[in-house]
Protein chains: 2
Amino acid sequence: MGEITSKRQQQIIDAAIKVFSKKGYNGTTTKEIAKEAGVAEGTIFRYFRTKKDLLLSLVSPYVVRSLADTLEEFSGKDDETVFKAIIRNRLKIIRENLDLVRLLLAESQFHPELREQFVGKIVMQAASILESYISEKIKNGEFKDIEPGVAVRAFAGMTGIFVLWKEFLGGEKYIAFDEEKVIETVVDIYLNGVRKRPCGGSELE
Amino acid sequence: MGEITSKRQQQIIDAAIKVFSKKGYNGTTTKEIAKEAGVAEGTIFRYFRTKKDLLLSLVSPYVVRSLADTLEEFSGKDDETVFKAIIRNRLKIIRENLDLVRLLLAESQFHPELREQFVGKIVMQAASILESYISEKIKNGEFKDIEPGVAVRAFAGMTGIFVLWKEFLGGEKYIAFDEEKVIETVVDIYLNGVRKRPCGGSELE
DNA sequence: AATAAAAGTGAGTACTCACTCAATTTACTA
DNA sequence: TAGTAAATTGAGTGAGTACTCACTTTTATT
């Protein structure tokens, strides 16, 4: 649970993310992690008291920094540009940390401590960035008067399901989607749905 | 993998769903399943050759029937009614089978055979019902000319994320949503986003 | 009621795993 | 370079696990 300091610790953490995400926490042996990290099994226990400690250290502020990173400044840009940028940014970050995300989603089911850190530190923080943007628009009168929390999640859900489909369920074997087209469509649906009387604002015919 | 016939088999399957979903496949011992089912450990292996066999039998057509069940007939009803009914129906079914869904989502990551059955038999089938409805609307010219597969998933994502939030991530500790209001908002956003020039069709101000 | 077949049991078995620790290597200091 | 502390190693340990099988109980048949 402590901070990451040494190179060894980082090696072990990287290996753990990789193997845990492939085989699950309970399906992974400390021997495998050691092998993947290129250290002896005993070394793991010098840095992490137990296997579970190692799991929990994977959501340490350091490891997770990249997942919760802030978005660029958007002032002056139009909604469509902003929302497309948000999707692309989120997709990029998730893909760069695919193993970690996969792991956190799967193991959150079984480890309340992990779930709390995951939801509290990552999900909530990521949501709040978009939420403040949307709240602003609602106050301006540009967007309908809906609950910002609902609006954020609706958008996140529309986007997230395509990641789930492709990266988690292997859905491309069934239907594959062109990513740019999906982004275009999703943003169009969302903005037209969320704006007050858009009346012809849609780009799609 | 065979069909379910005896009462004992059903007992064991129900117990397995319950315990697997709480502790994960690898985190569950056959002893626990036996205890939960109220049978001796050996009895499990009379009906299922291995523990893995038991896992795979959980997506048998019989068990899964309820998850993939068809929706009522919608002809004549307006979109809003239809989409709200779909959400409510889906929510109900998922809640009735929460343990099974939780289990399938978590273990699909690690068992390709399970994932294939889950995606192929359940997800695809559920998607196709809605897809044909939306395709019709697109042909009619009521909805924009978007890819039906994208449209279905966008809707499913908007809905699904609230289930994920509440039932899987325990998100109510952070923000709780009024379900009816969410349904209203989601359907409103979606229909206005997906329809051709709705111009004032929105119910929300 | 007697017999056979089927269903159910749970202690035992062979094996695996998280974790330990005595021995060894590496890094550091004077 | 010798001496010491710190880091690393991996065989060993005990707790536990999936699965077996010799036995008991239940059910069906005559």
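Side chains included, hydrogens not; waters and symmetry mates left out as well; all remaining heavy atoms used. Chain letters run A, B, ... following the sequence lines, proteins first, then strands; residues in each count from 1.
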Q: Please tell me if the side chains of B:I134 and B:F83 come closer than 4.5 Å, counting only heavy atoms from C-beta onward.
A: yes

Q | Atom pair distance, as rounded to whole Å: OH in A:Y47 and C1' in D:dT8 | A | 8 Å

(Q) List the residues meeting ring-ring contact (aromatic ring centres under 6.0 Å, His included) with B:Y47, not counting sequence neighbours, and say none if there are none. (A) none

Q.
Between A:R8 and B:T30, which residue's closest nucleotide on DNA chain D lies nearer the 5′ terminus?
A. A:R8

Q: For B:E32, check salt bridge (charged side-chain N to carboxylate O under 4.0 Å, His left out) against everything at least two apart and list the hits.
A: B:K23

(Q) Which residues pass the ring-ring contact (aromatic ring centres under 6.0 Å, His included) test with A:F118, not counting sequence neighbours? (A) none

Q. Base, sugar-phosphate, or nothing: which does A:T43 touch, judged by heavy atoms less than 4.0 Å apart?
A. base

Q: For A:Q11 and D:dA7, give me the distance from atom CD to atom C1', rounded to whole Å.
A: 13 Å

Q: May I have the distance from B:R46 (atom CZ) to D:dA22 (atom P), rounded to whole angstrom?
A: 14 Å

Q) What residues form a salt bridge (charged side-chain N to carboxylate O under 4.0 Å, His left out) with B:E41, not counting sequence neighbours? A) none

Q: Quick one: list whatever passes salt bridge (charged side-chain N to carboxylate O under 4.0 Å, His left out) with A:K137, sequence neighbours left out.
A: A:D79, A:E142

(Q) Need two values: the first and the last nucleotide of DNA chain C, 5' to 3', having an atom under 4.0 Å from any heavy-atom of chain A. (A) C:dC17 to C:dT20

